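Below is one structure, written out as C-alpha cells; the observations come after it.
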Amino acid sequence: MENPIVELKGVNHTFTMGMGQKLKVLSDIDFALYPDEIVALLGPSGSGKSTCLRIMAGLLKPSDGEVLVDGKRLDGANPWMSMVFQSYALLPWLTVFENVALGLEPHNLPKAEVRTRVKKAIDLVGLEGFEEAYPKELSGGMKQRVGVARALVMERPIICLDEPFSALDVLSAETLRAEILNIWLSKKTQTKSMVLVTHNITEAAAFAKRIFVMGTNPGHLRVSIKNDLPYPRDERSSGFKSLVNNIHDVITQAIIPDTPEWVPPALAGTSIETLPAVPLNELIGLLEFIAARGGQGDSFAISKELGKDFGQVLFLAKAAELLDFVDTPKNAIVLTDFGKRFIQGDVNVRKRVLHEALKQLKLSQLLEAKLREADHLALSIEIVLEHMREWLPNENAQAVLDTLIQWGRYGELFGYNDDTKEIYLDVGQENA
Ligand code: ADP
Ligand code: MG
C-alpha cells in the first residue's frame, strides 16, 4: 500500500471556553487518508467531525497528537487541501467568477492563468454562462457548485467537504453528489483524494471507500467500514440498499462489530469465490492431458506442449483448483484423488463428481438456497442476476452466471429453460 497523504496520529482536542471551563471534543483520533480514495467521517452532530477537518486543514492546532502531510509534520495551513463548506461561504458582493478566483489571489498568478483556471473549474461544475452572476441570483445547488469550483481551482490533491449537501433539497443533493463523484472518477483534475463529512448514511455509502463512524462525548472513531462497491454506485440497487441498512445497524448498535475495520454483511459477498469464465470442455481437456502424463506436470511445460498461452493454462488450473480437482504447489499442477475420480470415470461418474464439486462452492450453495425457496425450484434469470450482483458486486454477473449454468448443466445441478427464461434447480440426482 502507498503511504498516507494525510494522517492524524493520537489526536486529542480540548476547547477552553469563555469562563475557563474545558470541553474535550476529540479523543485518540488515528486517521489516515490514502491516495486515490474517498473516505467519509460519518457521525451525529457534535461528534467532532468539523473539528477533525479543521485540524487536518491546519486551521486548528490539536491540543495533543500530530498531523502529517505526505509523511511530514504539518505546521500551519495544509497546502495540499481545499475545503467545501455546508454554508457555501460565498461573498455576496463578488460575482461567481470573482468568488472562485478569490483563493488564487495570494498566489499572484498572471491574469491569463487565473482566467484559464477559473474557467476550467466553473466549466467542470456546470456553471458556464453564470460567471457574472451574483450569489443571490443562484439556487442552493448552484451556490454549492461555486463552493466546489472554488476548491477545484486551487488544484490541490485533497478536497474536504464538510456536510456539503445538507442545506440542499433531496434532488439537488443527489445530482450534485453524482457530479462531484464523476469529476473525481474522470481524473480530469488534480484531486486525488477526498474526505466527506456527513451525518447522512446514504451519502457516505455513495461516496466513500472507507467510512469512519464517529461517536460523541468526546468525539471518537468507533469503527471503520470498508465499502468496496464499484463506482459509480447505483443508489437504487438492492446491494446498495442492504449496505445502507448494515451501516444503519452499526450506528444504532444493532450490530456491534468486533474489529476496528468492519466489512458489512452486504459486502461480505466479496469474499465469495467467483467462477473464472472457463469452458468446461477446456477444463476437461487440461485434466485429461495431466492424467495422461502421470497426474502432474509443470504449468509452464504444459502450456508449451499444449500450445496454449501460459496465462490461459493458469486460468484453467485455477478453475480446476476451485473444484478441488487439482492442487497447484509452486508452478506444478497436480491431480487430486477427487480429480482422478473425475477424469478416470465415464460420463455418468464425471457428472456425479462434478455435481459433488459444485455443491461445495459457496456461490452454488447460495443459488441453490434461493431456488429451493422459490416456486417450482425456479427463478427468472433477471432475479438470479440481481442476486449475483449482490453476492459478487465486483464481478460481471452475467459472465459468472453463464459459467455457473454451463458447469451446472453438466453436473446436473442447475439448468436454464430458454422458453420460460428461468434458472432451475436440477433435482434429478436427488431422486435417482
Ligand atoms: P460536528 O461537526 O461533528 O457537528 P464539531 O467538530 O463542530 O462537531 O464540534 C464538536 C464539539 O466541539 C461540539 O460540542 C461543539 O460545540 C464544540 N466546539 C466546536 N468548536 C468549538 C469552539 N471553537 N469552541 C468551543 N467549543 C467548540
Ligand atoms: Mg460540523
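This one's a predicted model, so the numbers in the text were calculated from it and none came from an experiment. The chain is numbered in sequence order, starting from 1. Atoms within each ligand, like the ligands themselves, are counted from 1 in listed order.
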Side chain to side chain contact (heavy atoms under 4.5 Å, CB included) between Asn227 and Ile247, worked out: CA-CA 10 Å; Asn227 178 4; Ile247 299 172; 5.7 Å; no

Check: Tyr134 and Leu94 side chains under 4.5 Å, non-hydrogen atoms: no

Under 3.5 Å: N/O of Leu23 near N/O of ligand 1: no

Contact atoms of ligand 1, heavy-atom distance to Ser45 under 4.0 Å: 4 (O)

Within-shell test, Pro44 vs ligand 1, heavy atom, strictly < 4.0 Å: yes

Contact check: Thr51 vs ligand 1, nitrogen or oxygen atoms, below 3.5 angstrom: yes

Met214 contact mode with ligand 1 (heavy-atom cut-off under 4.0 Å): neither

Subset of ligand 1 atoms that lie under 4.0 Å from at least one heavy atom of Ser47: 3 (O), 8 (O)

Donor-acceptor side-chain pairing of Glu282 and Gln312 below 3.5 angstrom: yes

Shortest reach to atom 1 (P) of ligand 1 by a heavy atom, considering only Cys52, Pro218, Gly46, Gly43: Gly46

Sub-4.5 Å side-chain heavy-atom contact between Lys119 and Glu131: yes

Thr198 versus Glu203, side-chain donor and acceptor atoms under 3.5 Å: yes

Gln406 and Asp402: side chain donor to acceptor below 3.5 Å: no

Electrostatic pair Arg117:Glu155 at N-O distance under 4.0 angstrom: yes

Under-4.0 Å heavy-atom contact between protein and atom 6 (O) of ligand 1: yes

Tally, protein N/O/S atoms nearer to the Mg ion (ligand 2) than 2.8 Å: 1

Closest protein heavy atom to atom 19 (C) of ligand 1, given as residue, atom name and distance to 0.1 Å: Phe15 CE1, 3.5 Å

Sub-4.0 Å heavy-atom approach of Gly219 to ligand 1: no

Aromatic ring pairing Tyr231/Trp184, orientation class (parallel under 30°, perpendicular over 60°, tilted between): perpendicular

Short side-chain donor-acceptor distance under 3.5 Å, Thr328 and Glu321: yes

Contact (N/O only, under 3.5 Å) between Val25 and ligand 1: no

Ser63 and His13: side chain donor to acceptor below 3.5 Å: yes

Heavy atom of protein closer than 4.0 angstrom to atom 15 (C) of ligand 1: no

Positive for side-chain contact (heavy atoms from CB on, under 4.5 Å) with Glu368, one of Gln365, Arg372, Lys370: Arg372

Row check, Phe240 ring normal vs Arg236 NZ/CZ: under 6.0 Å, within 45°: no

For atom 8 (O) of ligand 1, the protein heavy atom that lies nearest, with its residue and separation: Gly48 N, 3.2 Å

